[in-house]
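Notes follow the structure.
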Protein chains: 2
Amino acid sequence: MIAEHPDAPDPDDVDLSAVLHALSDPQRRRIVAELAASAEPRPCGSFAPGISKSTRTHHFRVLREAGLVEQWKEGTSKMSRLRRDDVDARYPGLLDSVLGSKAVA
Amino acid sequence: MIAEHPDAPDPDDVDLSAVLHALSDPQRRRIVAELAASAEPRPCGSFAPGISKSTRTHHFRVLREAGLVEQWKEGTSKMSRLRRDDVDARYPGLLDSVLGSKAVA
DNA sequence: CAGGTAGTTCGATGATCGTCGTATCATATG
DNA sequence: CATATGATACGACGATCATCGAACTACCTG
């Protein structure tokens with residue numbers, strides 16, 4: 001079988017897959033949690049200590065392409081912000097439940 | 001770097017990764033959605049038409065090992081049930097938000 | 001301009017994933 | 001017992017992933 005059947009792929013599904021995949025990595029989830037905890041934007045480099053710069057760049061790209069974070073350059077460093085409102089609007093309760101499993105406990 | 005730093009891996013994190021990874025696949029999410037929609041347990045074979053039996057078995061194992069579904073043999077076929085209560089208790093709101101992104105719309 | 005700091009890009013590598021077909025097992029029924 | 005049905009086990013294949021180091025770019029500062 002080649003999965004050729006005509007089931008509505010549902011456009012939202014694409015993004016949801018990306019979001020869930022992005023959040024399925026502990027390293028990235030940790031970044032998101034730190035991002036959610038600190039009100040002020042922080043430079044990328046201050047997250048996920050213990051992994052290489054390239055890996056960190058990779059993780060931030062996955063998060064960005066999933067629509068979870070926003071980034072902008074600021075002087076010598078690049079700032080990151082969790083797009084909480086956007087994500088909450090699109091997938092209500094998702095971030096809360098993913099992050100809350102530790103925080104709310 | 002070899003990620004040797006001492007950050008609490010958080011036992012819950014392991015399972016959460018498995019759950020999110022399980023839900024990040026559209027095929028599996030579809031199974032879960034169907035499972036959530038039908039009150040009565042149904043045989044595995046009645047889900048996810050268009051994919052091969054082995055693939056379906058694989059998906060059900062991923063869902064089972066993530067703690068999302070429960071299975072038991074009943075005569076010639078194997079029944080499946082969404083462990084809604086258990087999942088809701090462990091990750092409140094997660095299933096609702098993942099499934100709701102389509103259902104609630 | 002020289003030097004340093006912060007990120008990105010570019011392979012590469014080993015692991016995991018989704019999918020398949022085939023062979024096999026278990027159970028029910030003729 | 002023979003057969004059909006529903007599901008699993010077993011590789012296998014190509015794709016994607018997380019991770020790395022090294023080379024490169026952008027920017028600030030002295």
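Worth knowing before you read on, the calculation uses all heavy atoms, side chains too, and leaves out hydrogens, waters and symmetry mates. Source: prediction; values computed, not measured.
Taking Ile, Leu, Val, Met, Phe, Trp and Tyr as members and joining any whose side-chain heavy atoms lie under 4.5 Å apart, directly or through other members, A/V62 forms no hydrophobic cluster with any other residue.
In this structure, B/F47 atom CZ and D/dA7 atom C1' are separated by 14 Å, rounded to whole Å. Distance, B/I51 CD1 to D/dA7 P: 12 Å, rounded to whole Å. Atom-to-atom, CZ of A/R30 to C1' of D/dT19 comes out at 15 Å; the value is rounded to the nearest Å. Atoms CD (A/Q27) and P (D/dC17) sit 17 Å apart, rounded to a whole Å. Rounded to an integer number of Å, the gap from CD of B/E65 to P of D/dT8 is 12 Å. For the pair B/W72 CH2 and D/dA7 P, the computed distance is 12 Å after rounding to whole Å.
One axis for each end of the helix from C/dC1-D/dG30 to C/dG30-D/dC1, each built from five base pairs, and the angle between them comes to 10° at 10° resolution.
Listed by chain and number, the residues in a side chain to side chain contact (heavy atoms under 4.5 Å, CB included) with B/S77 are B/P43, B/M79 (sequence neighbours excluded). For A/S24, there are no side chain to side chain donor-acceptor pair (under 3.5 Å) partners, not counting sequence neighbours. Remark: B/R56 engages no residue in a side chain to side chain donor-acceptor pair (under 3.5 Å) (not counting sequence neighbours). For B/R61, the side chain to side chain donor-acceptor pair (under 3.5 Å) test picks out no residue, with sequence neighbours left out.
Of the side-chain N and O atoms in B/T55, one or more sit less than 4.0 angstrom from OP1 or OP2 of C/dC20. Contact annotation: B/R61 does not reach the phosphate of D/dA7 (side-chain N/O to OP1 or OP2, under 4.0 Å). A close approach under 4.0 Å does occur between a side-chain nitrogen or oxygen of A/H59 and OP1 or OP2 of D/dT19.
Screening residues 39-48 of chain B for salt bridge (charged side-chain N to carboxylate O under 4.0 Å, His left out) gives B/E34-B/R42 as the qualifying pairs, with residues at least two apart or on separate chains. Within the structure, every pair that satisfies the salt bridge (charged side-chain N to carboxylate O under 4.0 Å, His left out) test and touches residues 71-86 of chain A, not counting sequence neighbours, is listed here: A/E70-A/R81, A/R83-A/D86, A/R84-A/D88, A/R84-A/D96.
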- Message: Treating primed atoms plus P, OP1 and OP2 as sugar-phosphate and everything else as base, which nucleotides of nucleotides 2-8 of chain C get B, S or - for protein heavy atoms under 4.0 Å?
- Response: ---BSBB
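Checking side-chain atoms of A/R28 against main-chain N and O of A/L23 turns up no donor-acceptor pair under 3.5 Å.
Where A/E74 and A/D25 each meet DNA chain D at their nearest nucleotide, the meeting point lying more 5' is that of A/D25.
Taking CG of B/L20 as the start and OG of A/S97 as the end, the distance is 8.0 Å to the nearest 0.5 Å.
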